[in-house]
Asks: 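Below you'll find the structure I mean.
In each ligand, atom 1 is the first atom listed, and ligand 1 is the first ligand listed.
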Amino acid sequence: MSRVLVLGGTAEARALAVLLDDAGVPFLSSLAGRVSDPRLPVGEVRIGGYGGVAGLAAFLAEAGITAVVDATHPFAATMSAHAVAACSAAGVPLLRLARPGWSDHPDADSWHWVDTHEEAASRAANLAGGAGRVLLTTGRQTLSSYATLLGGRDVTVRVVEPPAEPLPHGWTVVRDRGPYTLDGETALLDGVAVLVTKDSGGSYTSPKLDAARTLGVAVVVVRRPPVLATASVDSPEEAVQWVLR
Ligand code: NAP
C-alpha cells in the first residue's frame with residue numbers, strides 16, 4: 001500500500017488530514033506525543049518519535065510511504081531537519097507546509113526581532129528595566145534560555161503543558177491551550193511591560209499581538225529557523241494539490 005505521511009502537531013496538519021480524507025488519499029498522521037491530551041486529526045494516527053533520521057528513513061520504507069508533508073510547527077526545527085535527511089536518503093518526495101509568519105503584520109516594524117531565545121531574554125530584560133513584568137509565550141521547552149537573565153524578576157509564563165523543570169523564584173505559570181481571545185489576552189497582558197513570542201504566525205495565537213498594541217506593551221519576537229526543504233507551501237489547500245500531483 002502506498003500512502004502519504006503527514007508530520008503533524010499543528011492546526012494546518014489537522015486541516016490537511018481533512019482534505020486528504022475528502023480526496024480519498026491514503027495517509028497517516030504522526031504526532032510527537034508531547035501533549036497529554038492532543039487534538040487528534042481525522043484518520044490513522046501514529047504517536048511518538050522515530051529514533052532520528054535512520055529510524056524515520058526505515059519507517060518510510062516499511063510503511064510504504066510515497067510522499068511526506070512536514071506540517072510540524074515552524075519552530076519544530078529538529079523534526080524538519082530529520083524529514084529532509086530521511087526523505088533524501090529514502091528517495092521520497094518531501095513538502096514543507098508552514099503557515100506564514102507575522103513579518104507582514106501591521107505592527108511588525110515596531111517589534112524587537114531577534115534570532116535566538118537567549119537574545120530575546122537579553123532584549124526583554126533591557127526593555128523591562130528593573131521591575132517591569134515580562135510575559136513569556138515561547139513554549140515550555142524554551143524556558144531554560146530565559147532563566148539566567150530573567151530569574152528573580154517578575155515573569156509570567158503562559159504554557160500548554162506544565163514546565164518539566166522547576167522555574168526561578170518569582171515566576172508565575174499560567175496554563176492555557178487556547179483558543180485565545182482578545183479579551184482574555186488583554187486581561188493577561190494588563191500590567192505587563194514586555195511580551196516575548198516566537199514568530200509562530202497564523203491567527204490562533206495572534207490576539208496577544210493586538211492586545212499588546214492596545215496596551216502599549218513592548219513585543220520581542222524570535223525569528224523562525226530557516227526552511228530546509230526545497231518545496232514549501234503555506235496552506236493545506238496547496239499541500240493537497242502537491243500530493244495529488
Ligand atoms: P522538534 O524539537 O523539532 O523534534 C524533536 C523530536 O521529537 C524529533 O526529533 C522527533 O523524534 C520527535 N517529533 C517531533 N515532531 C514529531 C512528529 N510530528 N511526529 C513524530 N515525532 C516527532 O519538535 P518540537 O518543537 O518538540 O515539537 C514537537 C511537536 O509539537 C511537533 O509535532 C510540532 O508540530 C508540535 N508543536 C511544536 C511547537 C513548537 O513551538 N515547537 C508548537 C506547537 C506544536 P525522533 O528523532 O525520535 O523521530
Asks: For ligand 1, which atoms, with element, lie under 4.0 Å from some heavy atom of Thr72?
Replies: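 Near Thr72, meaning under 4.0 Å from one of its heavy atoms, ligand 1 has 18 (N), 34 (O).
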
Asks: Mind checking whether His73 and Arg99 have side chains closer than 4.5 Å, heavy atoms only?
Replies: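 Yes, close enough: below the 4.5 Å cut-off.
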
Asks: What's the separation between atom OG1 in Thr138 and atom NZ in Lys198, rounded to the nearest 0.5 Å?
Replies: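 One gets 6.5 Å once the value is rounded to the nearest 0.5 Å.
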
Asks: Hey, looking at atom 22 (C) of ligand 1, which of His73, Arg34, Arg46, Met79 has the closest heavy atom?
Replies: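 Of the listed residues, Met79 has the closest heavy atom.
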
Asks: Using the rule that two of Ile, Leu, Val, Met, Phe, Trp, Tyr join whenever any of their side-chain heavy atoms come within less than 4.5 Å, decide whether Val220 and Trp171 are in one cluster.
Replies: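 In one cluster: yes.
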
Asks: Assess the residue pair Tyr146 and Val134 against the criterion (side-chain contact (heavy atoms from CB on, under 4.5 Å)); give the C-alpha distance rounded to whole Å, side-chain angles, the decisive distance to 0.1 Å, and a yes or no.
Replies: CA-CA 11 Å; Tyr146 295 88; Val134 176; over 6 Å; no

Asks: I need the single residue from Val217, Thr197, Leu135 that forms a side chain to side chain contact (heavy atoms under 4.5 Å, CB included) with Lys208. Which is it?
Replies: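 Running side chain to side chain contact (heavy atoms under 4.5 Å, CB included) over Val217, Thr197, Leu135 with Lys208 returns exactly one hit, Thr197.
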
Asks: Which ILVMFWY residues are connected to Val227, directly or by a chain of links, through side-chain heavy atoms under 4.5 Å apart?
Replies: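 Members alongside Val227: none; it stands by itself.
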
Asks: As an exercise, identify every atom of ligand 1 less than 4.0 angstrom from a heavy atom of His82.
Replies: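 Every atom of ligand 1 under 4.0 Å from some heavy atom of His82: 9 (O), 46 (O).
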
Asks: State if Leu56 counts as touching ligand 1 under the rule of any non-hydrogen atom under 4.0 Å.
Replies: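 It does not, in that no heavy atom of Leu56 comes within the 4.0 Å cut-off of ligand 1.
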
Asks: Please report which non-hydrogen protein atom sits nearest to atom 18 (N) of ligand 1, along with the residue it belongs to and the distance in Å to one decimal place.
Replies: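 Here the closest protein heavy atom is Ser30 O, 3.1 Å.
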
Asks: Does a side-chain N-to-carboxylate-O contact under 4.0 Å join Arg140 and Glu161?
Replies: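 A salt bridge is absent here (no side-chain N lies under 4.0 Å from a carboxylate O).
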
Asks: In Å and rounded to the nearest 0.5 Å, what is the CZ to CD1 distance from Arg34 to Ile47?
Replies: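 Rounded to the nearest 0.5 Å, the CZ-CD1 separation comes to 12.5 Å.
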
Asks: Among protein heavy atoms, which lies nearest atom 29 (C) of ligand 1, and at what distance?
Replies: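 Ranking protein heavy atoms by distance from atom 29 (C) of ligand 1, first comes Ala32 CB, 3.7 Å.
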
Asks: Under 4.0 angstrom from ligand 1, any heavy atom of Ala77?
Replies: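 Contact check Ala77 vs ligand 1: positive.
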
Asks: Hey, what do you get for CE (Met79) to OH (Tyr50), rounding to the nearest 0.5 Å?
Replies: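 Answer for the CE-OH pair, Met79 versus Tyr50, is 6.5 Å.
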
Asks: How far is atom 40 (O) of ligand 1 from its nearest protein heavy atom, and which residue and atom name does that atom have?
Replies: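 The protein heavy atom lying closest is Lys198 NZ, 2.3 Å.
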
Asks: Could you tell me whether Leu31 approaches ligand 1 through its side chain, its backbone, both or neither, with non-hydrogen atoms closer than 4.0 Å?
Replies: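 The part of Leu31 near ligand 1 is the backbone, not the side chain.
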
Asks: Is there a heavy atom of Gly8 sitting under 4.0 angstrom from any atom of ligand 1?
Replies: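 Gly8 counts as a contact of ligand 1 under the 4.0 Å cut-off.
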
Asks: To the nearest 0.1 Å, how far is atom 47 (O) of ligand 1 from its closest protein heavy atom, and which atom is that?
Replies: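 Result: Gly51 N, 2.8 Å.
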
Asks: Does ligand 1 have an atom that lies less than 4.0 angstrom from a heavy atom of Gly48?
Replies: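 Yes, Gly48 has a heavy atom closer than 4.0 Å to ligand 1.
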
Asks: May I ask you to decide whether Arg223 forms a salt bridge with Glu119, counting only side-chain N to carboxylate O separations under 4.0 Å?
Replies: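 The answer is no: the pair does not qualify as a salt bridge.
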
Asks: How far is atom 25 (O) of ligand 1 from its nearest protein heavy atom, and which residue and atom is that?
Replies: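 Result for atom 25 (O) of ligand 1: Ala76 CA, 3.5 Å.
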
Asks: Can you confirm, on distance only, whether ligand 1 has an N/O atom lying under 3.5 Å from any N/O atom belonging to Thr10?
Replies: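 Looking only at distances, the answer is no, because the N/O contact criterion of under 3.5 Å is not met.
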
Asks: Hey, which atoms in ligand 1 end up nearer than 4.0 Å to a heavy atom of Tyr50?
Replies: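 Once the distances to Tyr50 are compared, the set is 20 (C), 45 (P), 47 (O), 48 (O).
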
Asks: With no hydrogens and no angle check, is any side-chain donor or acceptor of Ser122 less than 3.5 Å from a backbone partner on Glu118?
Replies: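 Flag not set: sc Ser122 to bb Glu118 has no pair under 3.5 Å.
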
Asks: Hey, looking at atom 46 (O) of ligand 1, which of Gly49, Pro74, Gly52, Ala98 has the closest heavy atom?
Replies: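 Answer by nearest heavy atom: Gly52.
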
Asks: Quick one: nearest non-hydrogen protein atom to atom 35 (C) of ligand 1, plus distance?
Replies: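 Checking every protein heavy atom, the shortest distance to atom 35 (C) of ligand 1 gives Gly9 O, 3.7 Å.
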
